[in-house]
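Notes follow once the structure below has been shown.
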Amino acid sequence: MSEAGQGHRYFLARHRLADLIDVLRGAGGRARTVIGPTVEQGAIVYAEIDTAADLPVGWRDEQAPGHYRLRREGDERAFAYAVGPTAWKRHLFPPARVRMEVAAEPGADGTRFEPTQPAASATVLLGARGCELAAMRVQDRVFRGGPYVDDHYADARDAAFVVAVQCTHPASTCFCTSMRSGPGVEAGYDLRLTEIADGFVVEAGTDAGGEVLVSLRLDPADEERAGEAHAAVAACAETVTHRNRGVDPIRARDLDMYPEHPRWDEVAARCLACTNCTMVCPTCFCSRDVQQSVLARPDGTVERQWDSCFTAEFAAVAGGSFRSRIRDRYRQWLTHKFSTWWPQFGTPGCVGCGRCIVWCPVEIDVREEIAAIGTSAPESDAQDGGERRGDVDLGPQALTTSPGGVPEPPPRTGTVERVTTETSDTVTLRVRTPPGLEAQPGQFVLAAVPRVGAPPISVSRLEPGTLELTVRSVGPATAALCRLGPGDPLGLAGAYGRGWPIEAARGNDVIVVAGGIGLAPLRPVIDAVLADRDSYGDVSVYVGARTPDDMIYSAEIGTWEQRRDVTAARIVDRAGPDWLGPVGVVTQLFADTAREAASTVAFVCGPERMMQASVDALVDSGMRAESIWLTTERHMECGVGLCGHCQLGPYFVCRDGPVFTAAELGPYLGVEGI
Amino acid sequence: MEQESGEVITPAHALQAVRLGAGLGEATREKLARVGQILVRGAGAVLFREGEKTPYLGVVISGRVGIRTYVAGRGDVTLSTVEAGDIFGWSVLVPPSRAHATVWAVTDVTVLGFPAESLRRVLAADPDLAAAVYQHALSALGRRITSTRLQMLDLFGSPRTTEPVRPPGALSRRLADVRRGAATEEPTS
C-alpha cells in the first residue's frame, strides 16, 4: 500500500484503461457508478460509462467563440480534448431535484413540509480537469461554506471518487492559467492521470486512490514517461498562457467599479439572454423552487431547479424586475463572476474553462469583455482600482471549507389565530408559531402555502408564542396568504436575515421613517423601543402612505400620536376630503429638524426611492449614513444565501441583510439594474 | 394677535421665529417685517383662490395650510400642505403673479402675510433683501418640486419604479467614496 501512496508515479499502459474502469466500478467491494466523458450528439459530455470503449478515444475538439466541433483524429488517445458543454455540477447539483414533499391534508397535522433526504450513490468522476476541480471547490464554498448547507450537494460530493486528468490539449477558449486553475491538477483528486503516447502516468492523491493502484498492480513510471507527462502539461500551460496574455483576473476584480461603462450597452446589444453561459458554467449555482402538483390532489412537491440571472423573472418582485434590461443582467453576471464573488466567497467565480465563450451563440468572449471594461474605463467613470489588488488563488488550501453548517430547514407548520384587515389589499395574520421558531425585529420568514409558494414576509410583531405577518396581496402567493383565515395552517421557515440593531440604539435618539407597508418590519422596532422607553432619547415616528385608507396600523399610529414621549406624524400622497393632516412626502415631516450625528439612530423602510429620499434628508440634517438603517426588498427563493436571487452588489439580501446601513447600501440604493 | 399666553404676536416677532427671517440681518428683517401683517383664519377658510392675482406671500406661523385645486368629477383635491415655518403664495414674486392653486386653512391658522405691492416695493429698494427672499422662495419651490415628483411616482401604489434615479456617473462616484472609506461626509452639526 505504501508503495502506491501519494507522491509516487505509476504507469498505466493504454490497453489497461479498461482494467482501471473495472476496478473503479467495483473497487473495495463497493459498486460505483462511473461518470466520464463520452461522445453524444456531437459533443463530449459526462455520462455514465461502462467500458473504456465509451470514452472519446481518438476524438479531438475544436473550440472557439460560438464554435464547437468534434473531429476524429483516429489515434488512441482518450483525453485529448479540453472540456465539453457539461460540467460536473450536473451530477453534484443536478438541474432539478425534489427538495420537499408537501402534504396538505385536512386536520391539525395535515400540512407538512418534509425535506427529501440525500442518498447519493458512490460515484466516480472520471476525467475531471484542473479547472473543473477548481469549480468544485468554488461550489463547495457556496453550498457547504455557510451557516446553511445544501446537504444533497454535500452528500454527492462526499460520495464522489475523483479521477482527475491533467490537460494536454487545450482549446483556444481555455484561460485556466489566468485563473490559476489548470492545466495541471494540484489537489482534490483521488487519482491523477496524465496521458502520454503509450498510456498514462498515474498518481494517487488519497488512500482510496492508492487502493485502486494496488489493485491494478502497476509498475512505477520510468523517468522518460514521467518526463513526457510533465512536459505535456507544461507545454499546455505555456500555450494557454501565451494565448491569454491580456487576461488579468486581478484587474477584473474592479469590473463592478464601472457600472456605467458604455461597453455594457455594446455587449447587451449582442447578448440574447439565452442563459447558455450560465447553464454550461461549472460554478453558476442559482436556483429556484418550483411548486409541483397535480390538480386533483392537495399535496405536491417543491422542486429545486437551476435558474439563470439572465432571465427577466430572476430579479423580479411584485411590480417589476430589478434587472429589466439585458444590459443589467449581463453586467450582473460578469461582475458577479469577477468582482462581487470575491467578498461573498473569497475567490473569483470564474475558473477559466471557457465554456461560456464556446457555447455563446453570438460569440461573446468574457476575456474580451473584462479587458475592454477593465482597461478602457472613461475618465468620468474611472476609479482607483489599485486598493483592491490581491491574488487569485483557486487552490485547495484557499478553498478549504470547514463544514459546520446545518441543512436548509423546511417550513414548520404554524396556525393562523387571527386575521386583521389593514387596508383593501393588506391583512395582518397573527400566527401561533411552531416550536423552535425564533425571530428578531427586522428578520423575515418564508411563509409557505402548499402548492402556491413561500414568499418572504417581514415579521411585523413579536410576542411569546406568536408572531404577526402583515401581507399585501401583490401576487399569487401573497394573495393566498391574504385568503387564510383563523385556524388555517401556514408553513414558516426562518426567521432569517440580519435584523434591526435595536440594542445598539439604546441611549440614542431614535427616528423611525416608514412608507406604505414598510411600517410592518418597523413595528417591532417601535414595540421594543416603547417597551423600554426610558432607555432611549427622543423617539420620532414618521409614516407616509398613498392615501389615508392605505395606511396600515392606523389606530395604532393614533396611540403613538397621543403619547407625550413620542413625536409621531403621518402624511399622505393623496388626501381625501376628510383628511386634515399633512399632504406630501414623508421627508417633509422631518427634513427641517437638525440631528445630533453622534447620538441619533434612524430606522427606515419603504419603497427604495422613498428610502433614498429619506436618507438624503437625514444626512442633510446632520446624520451619518452609518447610523441610518434600512431594510430592502429583493427576489428571494431560499432565504439562506443558496439560491443567488437576492444579490445586490456584493450582498445577498437574505443573508447579509435585509437590514443594512445607508453607508453599505448607498451606492446601490434605487439604482436601476443592480 | 394674542397667543394663548397673552403675548401679542407682531410681524417682527413672527418673522424672527421662521426660517425666512432667521437668515436675515436684524435691520433687513425689520425692514421686511414692517410690510408684514398677521392674519388669523379659521379652519376651512379660503385664503386665496386659484386664478386670482396672488394677494400676498405668506408664512405659516401656526396651523396647517392646504394647496388645492379643483378637478371636475373629483372636487377639490388637496395636492400638498404647508406647515408652520414654510411659505406659500410664491407666485406673488413672479409676474403675472397669478395663484396657481387655491390656498385654504386646513386647521385654524396664523399667517404672516406680505402684501404684493408692499413686498415688491421693499424688494426693489433693497437688492440684498430681494436676493434673500428669492433664494428662500426658490429653496421652498425646489423642495416642493422634489416632493411632487415623488408623489407622481406613486411609490406606494406600485412596489417600485423603473426609472433611474441617479444621473450617469453619480453611482461610480459614490462607489469610489465607499471604497475610499468616505461614504458619508463629516457631520455638519
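In the text below, chain A, chain B and the rest are named by the order of the sequence lines, each starting its count at 1.
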Using a cut-off of 6.0 Å, state whether more than 12 heavy atoms not belonging to B/Arg19 lie near its atom CZ. yes
Could you tell me whether B/Glu52 atom CD has more than 12 heavy atoms of other residues or ligands within 6.0 Å of it? yes
With distance as the sole test, does B/Arg64 use its side chain to make a donor-acceptor pair with the main-chain N or O of A/Leu580 at under 3.5 Å? yes
Is a side-chain donor or acceptor of B/Ser80 paired with a backbone partner of A/Gly584 at a separation under 3.5 angstrom? no
Between B/Val82, B/Leu79, B/Val77, which residue shows the highest count of heavy-atom pairs closer than 4.5 Å to chain A? B/Leu79
With rounding to the nearest 0.5 angstrom, report the [atom1] to [atom2] distance, [X] to [Y].
X        : Y        : atom1 : atom2 : answer
A/Gln588 : B/Asp86  : CD    : CG    : 8.5 Å
A/Leu589 : B/Glu83  : CG    : CD    : 7.5 Å
B/Gln151 : A/Arg546 : CD    : CZ    : 12.0 Å

One option among A/Gly515, A/Ala575, A/Ala613, A/Gly606 has the most heavy-atom pairs under 4.5 Å with chain B, and it is A/Gly515
side-chain contact (heavy atoms from CB on, under 4.5 Å) partner of B/Phe156, the single match among A/Ile517, A/Asp550, A/Asp573: A/Asp573
Within the structure provided, determine whether A/Met610 and B/Leu150 are in side-chain contact (heavy-atom separation under 4.5 Å). no
Between A/Ala545 and chain B, which part of the residue has a heavy atom less than 4.5 Å away: side chain, backbone, both or neither? backbone
Compare every heavy atom of B/Ser147 with every heavy atom of A/Val585, then report the nearest pair and how far apart it is. CG2-OG, 3.3 Å
Taking side chain as everything from C-beta outward and backbone as N, CA, C, O, which of these in B/Arg74 sits under 4.5 Å from a heavy atom of chain A? Side chain, backbone, both or neither. neither
Is there a side-chain contact (heavy atoms from CB on, under 4.5 Å) between A/Arg574 and B/Asp154? Walk through the geometry before answering. CA-CA 9 Å; A/Arg574 300 171 190 195; B/Asp154 196 17; 3.6 Å; yes
